[in-house]
2 protein chains.
Amino acid sequence: MVEDLFEQACERLHNNDYKVTRQREIILYTFMANSARHLSAEDVFLLLKDQHSDIGLATVYRTLDILSELGVIHRNDFGDGKYRYEITNEDAHPHHHHLICLDCGSVAEFDDYLLESLEAQISKKNNFKVKYHNLKFYGYCQKCSEKT
Amino acid sequence: MVEDLFEQACERLHNNDYKVTRQREIILYTFMANSARHLSAEDVFLLLKDQHSDIGLATVYRTLDILSELGVIHRNDFGDGKYRYEITNEDAHPHHHHLICLDCGSVAEFDDYLLESLEAQISKKNNFKVKYHNLKFYGYCQKCSEKT
DNA sequence: CGTTAATTGAGAAAGCTTAATAATTAACCA
DNA sequence: TGGTTAATTATTAAGCTTTCTCAATTAACG
């Protein structure tokens with residue numbers, strides 16, 4: 001199952017004329033090992049620093065671009081000035097959206113089955129071909145609510 | 001009505017110990033005169049270039065921060081690397097969300113009355129105090145759909 | 001009006017991301 | 001299996017939006 005994700009990613013690289021390089025493999029494994037987190041480019045770079053200090057920051061950025069273009073990872077913008085990525089795994093963790101705490105910055109998740117019908121309505125009403133949507137709720141998580 | 005917006009904004013500045021300066025007035029008028037657009041800081045700066053070339057870019061940024069903090073304008077992030085602002089006018093143009101064309105970058109709008117109940121559900125289910133939400137649909141506008 | 005603290009303009013600096021380039025390497029084929 | 005070729009890489013510099021610094025200016029209050 002986990003291996004499937006890796007194999008699938010390599011296949012996508014191959015099918016799109018990208019080479020399966022050591023650096024790309026390592027970055028892929030990093031996302032698989034941190035599937036619960038939302039990693040920025042620098043997060044990834046720092047995670048590699050000990051074991052793979054030869055991998056440059058620019059390579060991390062380029063790899064994140066390619067992997068998100070291929071849908072292997074998903075790019076999020078939580079409004080904190082940097083993009084954050086998470087591995088895509090529709091089986092174990094289907095399409096979802098985010099709850100962002102305005103106080104501590106923590107990110108929780110919720111699934112979005114409720115949005116499907118809304119998307120159809122919007123498309124029809126506005127003559128707009130929706131490809132994807134993006135929904136974020138900002139507020140205060142339980143911990144931060146209790147603090148005050 | 002239009003004057004109300006201006007008066008209201010000045011009042012909010014005053015109530016929050018901000019001064020009503022010439023620069024802030026001019027930037028406010030710029031937003032009122034471009035209520036249909038989503039202006040970036042540089043857009044505003046360029047609009048002022050002819051008549052008010054003495055107003056610096058830093059002042060524009062600072063003013064946008066204050067006005068959006070006070071809710072006079074609203075800050076949008078359409079994912080193109082810069083923030084875009086529009087004047088808030090709940091009477092003439094109630095709370096709404098955006099349809100962003102992946103081809104030409106145009107931004108259309110739709111109202112969001114459908115989201116209110118979803119927000120309540122999310123709050124309850126996740127123990128998360130929602131303050132506001134942000135919904136964007138990405139896809140292709142009618143024009144760009146017809147091109148192909 | 002004079003005083004005072006906020007605001008301003010200009011330019012430097014920060015922070016994230018993207019090029020440029022010369023050296024390295026994955027992938028294909030003989 | 002080894003040679004060839006074009007993609008990929010590390011490093012460094014550069015780009016872009018936004019924020020900071022600071023001396024000079026100005027709005028607001030009495």
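Note that these values count all heavy atoms, side chains included, but never hydrogens, waters or copies made by symmetry. Here is how names work: the chains are called A, B, and so on, in the same order as the sequence lines, proteins then strands, and each is numbered from 1.
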If we only count heavy atoms from C-beta on, is the B/Y138 to B/I100 side-chain gap below 4.5 Å?
-> yes
Is the closest side-chain heavy-atom distance between B/D80 and B/K82 below 4.5 Å?
-> yes
Whole angstrom value for the distance that separates [atom2] of [N] from [atom1] of [X]:
X     : N      : atom1 : atom2 : answer
A/N16 : D/dA7  : CG    : P     : 14 Å
A/D80 : D/dT19 : CG    : P     : 13 Å
B/E42 : D/dG15 : CD    : C1'   : 13 Å
A/K82 : C/dT18 : NZ    : P     : 15 Å

Given the side-chain rings of B/H74 and B/H96, with only the six-membered ring counted for Trp, is the space between their centroids under 6.0 Å?
-> no
Do the ring centers of A/H95 and A/H97 come within less than 6.0 Å of each other?
-> yes
What distance separates A/I87 CD1 from A/S68 OG, expressed to the nearest 0.5 Å?
-> 12.5 Å
Is there a path from B/L135 to B/F78 through hydrophobic residues (I, L, V, M, F, W, Y) whose side chains come within less than 4.5 Å of each other?
-> no
Nucleic acid contacts - residues 57-64 of chain A versus DNA chain D, non-hydrogen atoms under 4.0 Å = A/A58, A/T59, A/R62
Counting side-chain heavy atoms from C-beta on, which of C/dT17, C/dC16, D/dT19 comes nearest to A/Y83?
-> C/dT17
Step through the shown structure and confirm whether more than 12 heavy atoms of other residues, nucleotides or ligands are within 6.0 Å of CD on A/Q51.
-> no
Just wondering, more than 12 heavy atoms not from B/E42 lying within 6.0 Å of its CD?
-> no
Any side-chain donor-acceptor pair under 3.5 Å between A/H38 and A/E109?
-> yes
As a check of understanding: the bend across the helix from C/dC1-D/dG30 to C/dA30-D/dT1, end axes from five pairs, rounded to 10 degrees, works out to 40°
Quick one: do A/F128 and B/F110 satisfy side-chain contact (heavy atoms from CB on, under 4.5 Å)? Show the steps, please.
-> CA-CA 11 Å; A/F128 188 89; B/F110 66 95; over 6 Å; no
A/D77 and B/K136 ion-paired at < 4.0 Å = no
Nucleotides 22-30 of chain C: protein proximity per nucleotide (B base, S sugar-phosphate only, - neither; heavy atom, under 4.0 Å) | ----BSS--
